[in-house]
Structure formats: C-alpha cells, structure tokens
Amino acid sequence: MTEIQRVTGMQDILPMAQRYWRHLIQTGSEVAHQFGFQPIDVPVLEYTHLFVRGVGEASDFFVNKEMYTIVEEDGVSLTLRPEFTAGIVRAYVENGMQNWVQPVKLFTVGPIFRRERPQAGRFRQHSQYNAEIMGETDPAADVEVMMLAMTLFQRLGFRGLTFQLNSTGCPACKPVYVEKLRAFMADHLQSLSPVDRERMQRNPLRILDSKEPGMEKLLANAPHIADHLCADCADHFAELRQHLDHLGQAYTINFRLVRGIDYYVKTVFEVWAEGIGAQAALCGGGRYDGVAEAIGGPSTPGVGFGAGIDRIVLTMQTWGIEPPPAPEVPILVAHFGGDTKTAALALAFRLRQAQFPTRLAFARERRSLKSQMREANKLNVRYVLILGESELAANAVVVRPLDGGAQVTVSLAEEQLEQWLRQALA
RNA sequence: GCGGGUAUAGUGUAGCGGUUAACACGUCUGGUUGUGGCCCAGAAGAUCGUGGGUUCGAUUCCCACUACUCGCCCCA
C-alpha cells in the first residue's frame, strides 16, 4: 500500500473503461476529419519558457505551483505540457506553417499535466482533445471550431447541449472595461467577500465567475463587457452571432464567462450539457490571437478549444451514455492431453493469421476441459475449438458453440475451418 | 496553499480493548473416463495504510504522517 502506488493525481485507465476512451477518440477523429482538420502530435515535454511566455502575466503562479518542471544537468529547464495551445502554436511557427494553405486546421489528443489538487473530474495527468484553427481572423473560423465541438458531443450522444458564449475584448478594449469593472466593484466593496476582494487585485475579470453568494445580483448591475467592446471586437462578435443564428444554432450569451489568461481575445465559449453546472462544462475554448507573438513568433491569429476526455468519460458514465461494446474475442482454443497443446498453439496462430481474434487456453500441467470451458464462458467467447487427441489424430477440431447450439466436428484440412468460422461469425 | 470525510483480502463491506479478524462478490481447483452457465466442495488471498503513544494487552482509543476522496483557491 505504501510502495506500490500510483502517483497522486494519476490514474490507470483499465480495460473496462477503454471502450469509452476509444469511442471518444475515434469519434473525435472522424468529426475532425469531416470538418477538414488534420491530426498533429506535439511533444509532451517543451522548454519551460514556451509555457511561461505563452500564458503571460499570470505565469509566475503557474510556474511556481502548477507545472511539472525538470531542470537538466546543463541547466536547461523543461516542462510537461500543461496545455496544448502553446505547443501547437510553437509547431506552427517552427515548421513554417505560415507557408501552408491558410488557415491551418489541426486537432490532437493526448495527456497534459497540471500540478493541482485533484478533485472530482480533475487529475494531475488528464487527456484532452484539442482543435485549433491558425492563421484566420474571420469569425466564421470561430463558428467552425464551435460547431466542431458541438457536433462531437452530439455524435457522442449528449442531449440538451448549449453554447455559453461571450466576448472578452482585445488589448484595445479589454483594459478599458476592466477599469470600469474595477471602479464598479470599488463602489461596492462592502458587499464583496474577502475572496473576491483578493480576486479584484489579482485578476478582476475572474470576479465575474465568482461563486460567492449574492454575487449574482451584484453582477447583474455591473458593467458587462459586451457593452464596452471596441468596434472591431463588436463587429466580430456580431458576425459570429449572425452565423450561429443563420445555422439555427442556439447559444446563450453569458457575460460571466471569462478566461483567466491574458492571451484570450474576442470569442470565449463553452459547451454545457443539460443538468451539468458550469464546473462540468464539456469543453472550453476561444480566440487567442496574441499567443504566437507572446512566444516569440510572428503575429498569428488562432482560435480553438480543448475538451477534457477524463471528464467527458465520467459524464458519459453518470448519464449512462453507452459507447459501442468492446470488440470481443469470439474464439477460444482448448486442448486436452498428449501433443494437443503444441497443435493448439499452432491452430491459434493459424486463426489469427486468418484474421480471427483467438484466445488460447494455457495449461502448465494437464488441465481439465471443464476448467477451460469455464474460462471460455466467463470471457464470453462464442466458440470453443476443442483439440483432443482423437481430433488431432483425425486432423479435425470439435467446434463447440456456447450459445446452446449443437457442436460439430470440422476438418483442419485446407481452409475448411476458416470457412466454417467465417460463416458462423458473419 | 486552505478546509471536511475516509483508510480492514482483488472489490464491496462486517467486527471487537483480549477472536483462528467475519461475510459477499471475484480468483483458482475439483465434483470419476474429454465439455461452460446453476449448484456443491475445497484452496489461495489481510503483518486490519505507516509511525508513535495510552493500556497488562490495540485492528479497535488518542496523535502525527501518508494516501484516497469531496470542496475552496486556481483553472492555460
């Protein structure tokens, strides 16, 4: 219990849970392909400064407390990626994707690492599905990213999905708004909780999604960013909404929806599912036109989203959304005495060559057929191929169906067994 | 970083200041000569999270630590 143990916040994805994961990843890949996104993988490890520059002002906090960083002997500092965007933007710049047909549309799946305190649906290692469009400022690109997310969740079987949508402004209008918000809050200091006063210092926008009691009423009267956007941002937001309206896609303008990091501009959105609170949003994303420059590359607009796979799987499980059943292994080869084990081994490989998923019964010593039958039954095998000495002598196997059908003897000559099985399993 | 809860075989639980630490599920084996599910029998599997106390004696009471868990902060 003390020695052999997972690292805090890490988890094993056992075979029983894999069908959720596989289904999610496969559906995600299919949908991405349909939307014209190409797959990409970026390293788990990057130079620390990539993430430090990428996340901007709040970086001290993350660097100190929330990132897994190792310093190599020569002093080079590396960090396990705490997000995908920085790495993908780095790959875009480093591989000269500016010279590809614009925009470049990419998606990826993989683990990310954050040294946070684990809690329901939050792990230190968790996997994300990410999609990004790089090199395009058109609000239609935002729409496409949003609809990719929405389609994915619909395809997975979620119901009652809604967009939560907001605009967070840009370097031109966001600071002006933040000042207005700060001034408003200063006038209502006495109704702010200590936590929110603290927030006002560090990251005023975050007050908007405060969970403190009474904030709802106060925030309703606070200045809303949608009313303080610059012309460019207002146009972008208006056009985005127009497109959504035109698609008949419902959305909720949520003025409390914000992102904690500076590089987000204009669009921010989440997908919520019926009955799930804001904390369990299925995904979140937005526009990050400032990132490429922040990491030292040429100014490049980008928009994308990330969806936490672990959390989506949890949600599917609590809702009873069933992925397709795991592929089964329909055949077990049993053997019984004499040289039959050797022959069974060969038979199993022969069947696998012929594309039949096959399990082979093992037996150090002589093992009863009954025991092997039990194994087959527990594994939900459809046919047990019994290879005893008499079958071996006759160059045949007994094919025993486990669904109650009659067993038959099939010759091992030529392709007879393969043909029989192909028909039976069709 | 802060706060609440929990810690007994693989899993879920019971238990008590002194017991061979129990039960269910699961696992394995067997139930006459080569055939699953039900049933029956047996077996393996726990220094009762770790370390300190209190006590004649601690799995049981107390403390600390660790881990797990739920929430807060934060959330790229």
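These numbers were taken from a predicted model, which means no experiment stands behind them. Chain letters run A, B, ... following the sequence lines, proteins first and then strands; every chain starts at 1.
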When you get a sec, tell me which of [options] is the closest nucleotide to the side chain of [X]?
{"X": "A:Q119", "options": "B:rC75, B:rG71, B:rU35", "result": "B:rG71"}
{"X": "A:K370", "options": "B:rU35, B:rC74, B:rC28", "result": "B:rU35"}
{"X": "A:R122", "options": "B:rG36, B:rA76, B:rC73", "result": "B:rC73"}
{"X": "A:A120", "options": "B:rG71, B:rC74, B:rG30", "result": "B:rG71"}
{"X": "A:Y263", "options": "B:rC74, B:rA76, B:rG30", "result": "B:rA76"}
{"X": "A:I386", "options": "B:rC75, B:rA76, B:rU35", "result": "B:rU35"}

### Message
Distance criterion of 3.5 Å, no angle test: do you see the side chain of A:R199 paired donor-to-acceptor with the base of B:rC73?
### Response
no
### Message
Can you tell me whether the side chain of A:Q407 and the base of B:rU35 have a donor-acceptor pair closer than 3.5 Å?
### Response
yes
For a quick test of reading the model: is some side-chain N or O of [X] closer than 4.0 Å to OP1 or OP2 of [N]?
{"X": "A:R117", "N": "B:rC74", "value": "no"}
{"X": "A:R206", "N": "B:rC75", "value": "yes"}
{"X": "A:N203", "N": "B:rC75", "value": "yes"}
{"X": "A:S368", "N": "B:rG30", "value": "yes"}
{"X": "A:K211", "N": "B:rC74", "value": "no"}
{"X": "A:T85", "N": "B:rA76", "value": "no"}

Provide, to the nearest angstrom, the distance between the [atom1] atom belonging to [X] and the [atom2] atom belonging to [N].
{"X": "A:E389", "N": "B:rU33", "atom1": "CD", "atom2": "P", "value": "15 Å"}
{"X": "A:R6", "N": "B:rG49", "atom1": "CZ", "atom2": "C1'", "value": "15 Å"}
{"X": "A:Q372", "N": "B:rU27", "atom1": "CD", "atom2": "P", "value": "17 Å"}
{"X": "A:L369", "N": "B:rU33", "atom1": "CG", "atom2": "C1'", "value": "12 Å"}
{"X": "A:F113", "N": "B:rA76", "atom1": "CZ", "atom2": "C1'", "value": "15 Å"}
{"X": "A:M10", "N": "B:rU69", "atom1": "CE", "atom2": "C1'", "value": "17 Å"}
{"X": "A:D209", "N": "B:rC74", "atom1": "CG", "atom2": "C1'", "value": "10 Å"}
{"X": "A:Q201", "N": "B:rC73", "atom1": "CD", "atom2": "P", "value": "17 Å"}

What is the nucleic acid contact for [X], judged by heavy atoms within less than 4.0 Å: base, sugar-phosphate only, or nothing?
{"X": "A:E391", "answer": "base"}
{"X": "A:A376", "answer": "nothing"}
{"X": "A:G308", "answer": "nothing"}
{"X": "A:V381", "answer": "nothing"}

### Flag for A:D310-A:Q11: side-chain donor and acceptor within less than 3.5 Å
yes
#### Entry: Closest-nucleotide ordering on RNA chain B, the 5'-leading residue of A:G388 and A:V195
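That would be A:G388.
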### Query
Would you call the rings of A:Y177 and A:H228 parallel, tilted or perpendicular if under 30° counts as parallel and over 60° as perpendicular?
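It falls in the tilted class, 30° to 60°.
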What N/O pairs connect the protein and nucleotides 38-42 of chain B at under 3.5 Å? Give each pair on its own line.
none

#### Entry: Pairs involving residues 187-206 of chain A, ordered by first then second residue, that meet ring-ring contact (aromatic ring centres under 6.0 Å, His included) (sequence neighbours left out)
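Matches after skipping sequence neighbours: A:F184-A:H188.
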### Task
Kindly compute the distance separating CZ (A:R259) from CG (A:N166), expressed to the nearest 0.5 Å.
11.0 Å
### A:M134 side, atom CE; A:Y288 side, atom OH - distance, nearest 0.5 Å
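Reported value, rounded in 0.5 Å steps: 5.0 Å.
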### Query
Taking both distances under 3.5 Å as the test for a Watson-Crick or G-U pair, what stems of at least three pairs does RNA chain B have?
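B:1-7 with B:66-72, B:10-13 with B:22-25, B:27-31 with B:39-43, B:49-53 with B:61-65 - these are the stems of 3 or more pairs that involve RNA chain B.
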### Query
Are any of the side-chain nitrogens in A:R19 or A:E322 under 4.0 Å away from the carboxylate oxygens of its partner?
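Looking at A:E322 together with A:R19, the answer is yes, because their closest N to O distance falls below 4.0 Å.
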#### Entry: side chain to side chain donor-acceptor pair (under 3.5 Å) partner of A:K105, the single match among A:E136, A:E144, A:Q38
A:E144
### Donor-acceptor contact present, side-chain A:R256 to main-chain A:D209, <3.5 Å
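Judged by distance alone, no pair lies under 3.5 Å.
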